[in-house]
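Reading through the structure tokens given below for one structure.
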Protein chains: 2
Amino acid sequence: MNGVFKALNDPTRREILRLLGHQEHTAGDLAERFDMTKPSMSHHFAVLKEADLIISRREGTTIYYALNTTVVQDVMAWFLDLTGSDEGRT
Amino acid sequence: MNGVFKALNDPTRREILRLLGHQEHTAGDLAERFDMTKPSMSHHFAVLKEADLIISRREGTTIYYALNTTVVQDVMAWFLDLTGSDEGRT
DNA sequence: CCCTTATTTAGAAATTTATCTAATTATACA
DNA sequence: TGTATAATTAGATAAATTTCTAAATAAGGG
């Protein structure tokens, strides 16, 4: 969970996640949408991947990134758990 | 939203939020549950307050902290928005 | 007014992070 | 093999963060 919150603590990375929310994108496609060098963007992809928030697949020289919705759900569950621990008791 | 994610990016602060999930606690009560000095804990309270994740009230020399559930809901909404933008269309 | 308790503020040291440029790897293809 | 394209790794620097000790503030009571 630590890596997830660390990954979320950056506006560029949060915007990347938003772009990946509805469809996958290539590294290059994502990179050109930001005012930042490709190596910097590549670093952000690495942090997101380390947190398991995104998954990647290679096709030739191109890498496609996609949101890992499972981990997004895990974060949601963490927040629900913060306050909602008793509602299962009837 | 930036301050919220920044505040969440620390295990001590996340544990504080968890402790405040079900009832309010005083600064001193919270502080003694962690292996950290009071000034360090006070700093964490300040970051959480800056993010509006907690609210405080003073009673004499004692300060009580409580979770601000409104902002917690805002974060949840942010995550829902990440993937779920189309479900309102029928 | 002085003392005690609860808590925060100030300032410093060590660590982590974001970003850049330059160099490298991976893949495809003529 | 040589070249072009897509992307990452390496190394450096500047800025932000966590934690500590020491000092200060706030409130209440004798």
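A, B, ... follow the sequence lines: proteins, then strands. Residue 1 opens every chain. The figures here come from the full heavy-atom set of this structure, side chains too, leaving out hydrogens, waters and symmetry mates.
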How long is the line joining CD1 of Ile63(B) and P of dT25(D), in whole Å? 16 Å
Could you state the interatomic distance from OG1 (Thr26(B)) to CD (Glu59(B)), rounded to the nearest 0.5 Å? 10.5 Å
Whole angstroms only, please: what is the OH-C1' distance between Tyr64(B) and dT7(C)? 14 Å
Nearest-Å distance for atom pair CG/C1', residues Asp29(B) and dT7(C): 14 Å
Treat primed atoms plus P, OP1 and OP2 as sugar-phosphate and everything else as base, then score nucleotides 18-24 of chain C 5' to 3': B for base contact with protein heavy atoms under 4.0 Å, S for sugar-phosphate contact only, - for none. SBBBB--
Going through the distances and angles, do Ile63(B) and Arg57(B) end up as a side-chain contact (heavy atoms from CB on, under 4.5 Å)? CA-CA 6 Å; Ile63(B) 292 181; Arg57(B) 110 187 128 79; over 6 Å; no
CG (Leu20(A)) and CD1 (Ile55(A)) are apart, to the nearest 0.5 Å, by 10.0 Å
Under 4.0 angstrom, heavy atoms only, what part of the nucleic acid is Ser42(B) near: base, sugar-phosphate, or nothing? base
Can you name the residues that form a salt bridge (charged side-chain N to carboxylate O under 4.0 Å, His left out) with Asp29(A), not counting sequence neighbours? Arg33(A)
Is there a side-chain contact between Tyr65(B) and the phosphate of dA6(C), meaning an N or O under 4.0 Å from OP1 or OP2? no
Listed pairs under 3.5 Å, donor-acceptor, residues 38-52 of chain A side chains, sequence neighbours left out:
unit_1: Ser40(A); atom_1: OG; unit_2: Thr37(A); atom_2: OG1; d: 3.0
unit_1: His44(A); atom_1: ND1; unit_2: Arg13(A); atom_2: NH1; d: 3.0
unit_1: Lys49(A); atom_1: NZ; unit_2: Ser56(A); atom_2: OG; d: 2.8

Rounded to whole Å, the CZ-C1' distance (Phe45(A) to dT17(C)) equals 18 Å
Rounded to the nearest angstrom, tell me the gap between atom CD1 in Ile16(B) and atom C1' in dT7(C). 14 Å
Could you encode protein contacts along nucleotides 25-30 of chain C as a string, one character per nucleotide from 5' to 3', using B for base contact, S for sugar-phosphate-only contact and - for no contact, with a heavy-atom cut-off of under 4.0 Å? --BS--
Reported CG-to-CZ distance for the pair Leu8(B) and Phe79(A), which is rounded to 0.5 angstrom: 4.5 Å
Can you sort out the partners of Arg58(A) under salt bridge (charged side-chain N to carboxylate O under 4.0 Å, His left out), two or more places apart, ordered by chain and number? none
Under the side-chain contact (heavy atoms from CB on, under 4.5 Å) test, residues paired with Gln23(B) that sit two or more places apart: His25(B)
Measuring from atom CG of Leu53(A) to atom CG of Leu67(A), what distance do you get when rounded to the nearest 0.5 angstrom? 7.0 Å
Using whole Å, report how far CD of Glu32(B) lies from C1' of dA6(C). 12 Å
Take atom CZ of Phe5(B) and atom P of dT17(D), then tell me their distance rounded to the nearest Å. 16 Å
Could you give the CG-to-P distance, from Leu30(B) to dA6(C), as a whole number of Å? 14 Å
